[in-house]
Amino acid sequence: MSDAVNTEFILDMQRKLYRWSAADPEKRFADLFNIVCDRGTLLRAWQRLARNRGSNTPGSDRVTRKKVEERSDGVAGFLEDIRQDLCRGTYQPEPVRQRLIPKPGKAGQFRPLGIPTLTDRLVQMALKLVLEPIFEADFYPISYGFRPGRSTHDALSRVRHRLNPTSAGPSRTRYVIEGDIKGCFDAIDHHVLMERVRRRIRDRKVLWLVLAFLKADIMIEGNRRHPVTGTPQGGIISPLLANVYLTAIDERYRRWVPTPRDKARYRAQQRLDADYKRGRPGFYVVRYADDFVVMVQGTQQDAEQERLALAQFLKEELRMELSMEKTKITDVREGFDFLGYRIAQEKMPSTGRHVGMLFIPKGKSQLLRDKIKAKVRATPTGWSLADLIDDLNPVITGWRNYYRYATRSWKEFAKHDRWLYWRMKTWLSKKHSRASRRKLCRQYAEQGAQQQGGWRSSGRKLARFADAKRLRYPDRGLRIPNGWNDPDEIFRKGADKFWEATLALASL
């Protein structure tokens, strides 16, 4: 089976699963294990893994993609061995190797990262290919984390949209609850999670696989630990399972937020308007995995009562603890942090109306400078400027592309370019201790850009922050395509073919 044919086969299978799940919210899927074990599914899972640089990161068994490709029977033999183990029921997940990753900007604090074996990653990927379209139909439109077709900027755009005025007048959002769950991924209760998975899945073998990955041992410095709660961060299927679990938060606010199957586009807004007219508070949540904000249409007292009620809900329903110290209640005019941005409602000079704006937090700019400074200082002067440029460019381009949507980002970018120019000038002065500034500029600087960080060497050019022009991220609304819900594709096939496909899969 060619790569193109296999990709289309898997995509067609996922579209069918998504449509059946969306059409019947009570449907429980059986006979999924055979799809997980299918050679086409495993091949597609391998293709997805092989594109990732992490495929050469070994797990506890020390096997990498390179070793698999060097096998006498190659990748095909590796996939067939896994398939046989799954079909015979002899497959068992290996211990997850754990590494501690420093948290940026938090000295002495670390985030545990689990690294499953390559075999386990492959099976998890195959499992995700089958389960993701089923649960995607149940996820709320206001959830954005680790979902196909969605990004952090979509979540930020939705928050900003709720702070903007409408034809009915100014935004009614006055306060924001900044949600923070203590050790969210480590606190996920396996029993509660499996109960939520069973709402949709009744294939016992698939359920066993999911539970086996949750219960897999964790290898820490040669010692095994048996997890009682949590999903290992780093596992391919962990983000999907976390979303299944945390959807309970979205369901709590289903009166005021759009549900997955709302037919009327503005039904949720109508309910918010009705509560406003009756003098009742309203709440609108936007969630990105375990990071979420609750926008309050009401008084500060309403926000404080909702924070207490939310803490009680998490404790009783999800067995999680809301950090009361970090879960702040903030006036939207003062601003709050969400997904790396500073969001505030400010007055537009041109219109005088208050709108939602995104800003670059000062702390994020300082973290960037500290990171660049550390890289430059750690680079020996014996290295060439081209090597240092190769090391810095991914940091610069990644940061500027993420923050190019901020208000007045060009000012911050100009400051960083000036600072970076002198930082590189200092390094070059140490490398060429007897060279004058004019000589360094003649040898390394781009003509006409000396004051903007325009350094180059051996055909490589140091990226500049100002090269990324400020853009306004478009609000794509709530019905964001995920690859399976393309309206043109659905209507093109028609209802008759849809039900023909439904009956065909049901007869497998």
Visitor: Between K328 and E334, does at least one N-O distance fall below 4.0 Å, as a salt bridge requires?
Guide: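 Result for this pair is no, no salt bridge flagged.
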
Visitor: Is any side-chain N of the basic residue among D154 and R476 closer than 4.0 Å to the acidic one's carboxylate O?
Guide: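 Here D154 pairs with R476 in a salt bridge, since their nearest N and O are under 4.0 Å apart.
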
Visitor: Please check: side-chain N/O of N56 versus main-chain N/O of K66, any donor-acceptor pairing under 3.5 Å?
Guide: yes

Visitor: Answer whether the closest heavy-atom distance between the side chains of V96 and S60 falls below 4.5 Å.
Guide: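 No. Closest side-chain heavy atoms not under 4.5 Å.
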
Visitor: Please determine whether a side-chain nitrogen of the Lys or Arg among R464 and D417 lies less than 4.0 Å from a carboxylate oxygen of the Asp or Glu.
Guide: no

Visitor: Check whether any side-chain heavy atom of M295 sits under 4.5 Å from a side-chain heavy atom of I177, and report yes or no.
Guide: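 Contact flag for M295/I177 side chains = no.
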
Visitor: Got a donor-acceptor contact below 3.5 angstrom from the D290 side chain to the I181 backbone?
Guide: no

Visitor: Is there a salt bridge (Lys or Arg N to Asp or Glu O under 4.0 Å) between R158 and D475 once you walk through the steps?
Guide: CA-CA 7 Å; R158 178 54 24 187; D475 183 6; 3.2 Å; yes

Visitor: Determine whether the side chains of T379 and K375 contain a donor N or O and an acceptor N or O closer than 3.5 Å.
Guide: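 Result is no, nothing qualifies.
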
Visitor: Under 6.0 Å from the NZ atom of K431, do we count more than 12 heavy atoms belonging to anything else shown?
Guide: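 Check passes, neighbour count above 12.
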
Visitor: Might you point out which heavy atoms bring T330 and G335 nearest each other, and give the distance in Å?
Guide: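 Looking at all heavy atoms of both residues, the shortest contact is CG2-O, 3.0 Å.
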
Visitor: Can you tell me if Q345 uses its side chain to pair, donor with acceptor, with the backbone of L163 under 3.5 Å?
Guide: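 It does hold such a pair.
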
Visitor: Tell me whether the NZ or CZ atom of R400 lies within the 45° cone about the ring axis of F465 and under 6.0 Å from its centre.
Guide: no

Visitor: Using 30° and 60° as the class boundaries, would you call the ring planes of Y473 and Y405 parallel, tilted or perpendicular?
Guide: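 Perpendicular, since the angle between the ring planes exceeds 60°.
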
Visitor: Using 0.5 Å steps for rounding, measure from the OG1 atom of T231 to the CG atom of L241.
Guide: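 The OG1 atom of T231 sits 6.5 Å away from the CG atom of L241.
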
Visitor: Flag the pair T259 / Y140 as yes when at least one side-chain heavy-atom distance between them is below 4.5 Å, and no otherwise.
Guide: yes

Visitor: Might you point out which heavy atoms bring I142 and V285 nearest each other, and give the distance in Å?
Guide: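 That would be CB-O, 3.4 Å.
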
Visitor: What distance do L314 atom CG and I249 atom CD1 have between them, rounded to the nearest 0.5 Å?
Guide: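 Taking CG in L314 and CD1 in I249, the distance rounds to 5.5 Å.
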
Visitor: Measuring only between side-chain heavy atoms, which start at C-beta, is P58 closer than 4.5 Å to R97?
Guide: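 The answer is yes, as the side chains (C-beta and beyond) meet within the 4.5 Å cut-off.
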
Visitor: Mark yes or no: R342 above the aromatic ring of F359, with NZ or CZ under 6.0 Å from the six-membered ring centre and no more than 45 degrees from the axis.
Guide: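 Ring-cation test returns no.
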
Visitor: Should the ring pair Y403 and W399 be called parallel, tilted or perpendicular, given that the plane angle runs from 0 to 90° and is split at 30 and 60?
Guide: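 Answer is tilted, since the angle falls between 30° and 60°.
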
Visitor: Salt bridge check, D275 against R255: does any charged N sit closer than 4.0 Å to a carboxylate O?
Guide: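 Answer for the salt bridge query: yes.
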
Visitor: Answer yes or no: is there an ion pair linking D262 with R271, defined by an N-O contact shorter than 4.0 Å?
Guide: yes

Visitor: So which heavy atom on D337 is nearest to which on P361, and how close?
Guide: OD1-CG, 4.4 Å

Visitor: Between W256 and F283, does the ring pair (Phe, Tyr, Trp, His ring centres under 6.0 Å) criterion hold? Intermediate values first, please.
Guide: CA-CA 6 Å; W256 304 287; F283 306 96; 5.3 Å; yes

Visitor: Is there side-chain contact between D250 and V257, with at least one heavy-atom pair below 4.5 Å?
Guide: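 Of all side-chain heavy-atom pairs linking V257 with D250, none is under 4.5 Å.
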
Visitor: Give a yes or no on whether the backbone of L113 and the side-chain of Q98 come within a donor-acceptor separation of less than 3.5 Å.
Guide: no

Visitor: Examine distances only and state if a side-chain atom of T407 and a backbone atom of L358 form a donor-acceptor pair shorter than 3.5 Å.
Guide: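 Confirmed, T407 side chain pairs with L358 backbone.
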
Visitor: Without swapping roles, check the side chain of R121 against the backbone of P116 for a donor-acceptor pair under 3.5 Å.
Guide: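 Side chain of R121 to backbone of P116: a pair is present.
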
Visitor: Restricting to non-hydrogen atoms, name the atom on G356 and the atom on N164 that form the minimum distance, rounded to 0.1 Å.
Guide: N-OD1, 2.8 Å

Visitor: For the pair K425 and W455, evaluate side-chain contact (heavy atoms from CB on, under 4.5 Å) and give the outcome as yes or no after the intermediate values.
Guide: CA-CA 9 Å; K425 165 68 170 53; W455 301 103; 4.0 Å; yes

Visitor: Relative to the ring of H153, is the ring of Y402 parallel (under 30°), tilted (30 to 60°) or perpendicular (over 60°)?
Guide: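 Plane angle between 30° and 60°, so tilted.
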
Visitor: Would you confirm whether R44, through its side chain, and F9, through its main-chain N or O, come within 3.5 Å as a donor-acceptor pair?
Guide: no

Visitor: Could K326 and E178 be called an ion pair, given the rule that one side-chain N must be under 4.0 Å from one carboxylate O?
Guide: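 Salt bridge absent between K326 and E178.
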
Visitor: Tell me if a side-chain donor or acceptor on Y253 pairs with a main-chain N or O of V294 at a distance below 3.5 Å.
Guide: no

Visitor: Determine yes or no for a side-chain-to-main-chain donor-acceptor pair under 3.5 angstrom, with D370 supplying the side chain and L367 the backbone.
Guide: no

Visitor: Please tell me whether D120 and Q124 have a donor and an acceptor in their side chains that are separated by less than 3.5 angstrom.
Guide: no

Visitor: Treating T327 as the side-chain partner and M324 as the backbone partner, does any N or O pair qualify as donor plus acceptor under 3.5 Å?
Guide: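 Checked: no pair found.
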
Visitor: Does the side-chain contact (heavy atoms from CB on, under 4.5 Å) test come out yes or no for L339 and Y144, once each step is laid out?
Guide: CA-CA 11 Å; L339 300 177; Y144 295 90; over 6 Å; no

Visitor: Does CH2 in W410 sit with more than 12 non-hydrogen atoms of other residues, nucleotides or ligands closer than 6.0 Å?
Guide: no

Visitor: Is there side-chain contact between K415 and R369, with at least one heavy-atom pair below 4.5 Å?
Guide: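 A side-chain contact under 4.5 Å exists here.
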
Visitor: Assess the side chains of S143 and R287: does a donor N or O sit below 3.5 Å from an acceptor N or O?
Guide: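 Short answer, yes.
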
Visitor: Both conditions, 6.0 Å and 45 degrees, for the charged tip of R172 above the ring of Y276: are they met here?
Guide: yes

Visitor: Using 4.0 Å as the upper bound for N to carboxylate O, is an ion pair formed by E69 and R65?
Guide: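 Yes, charged N to carboxylate O under 4.0 Å.
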
Visitor: Could you tell me whether the side chains of N52 and S55 share a donor-acceptor contact shorter than 3.5 Å?
Guide: no

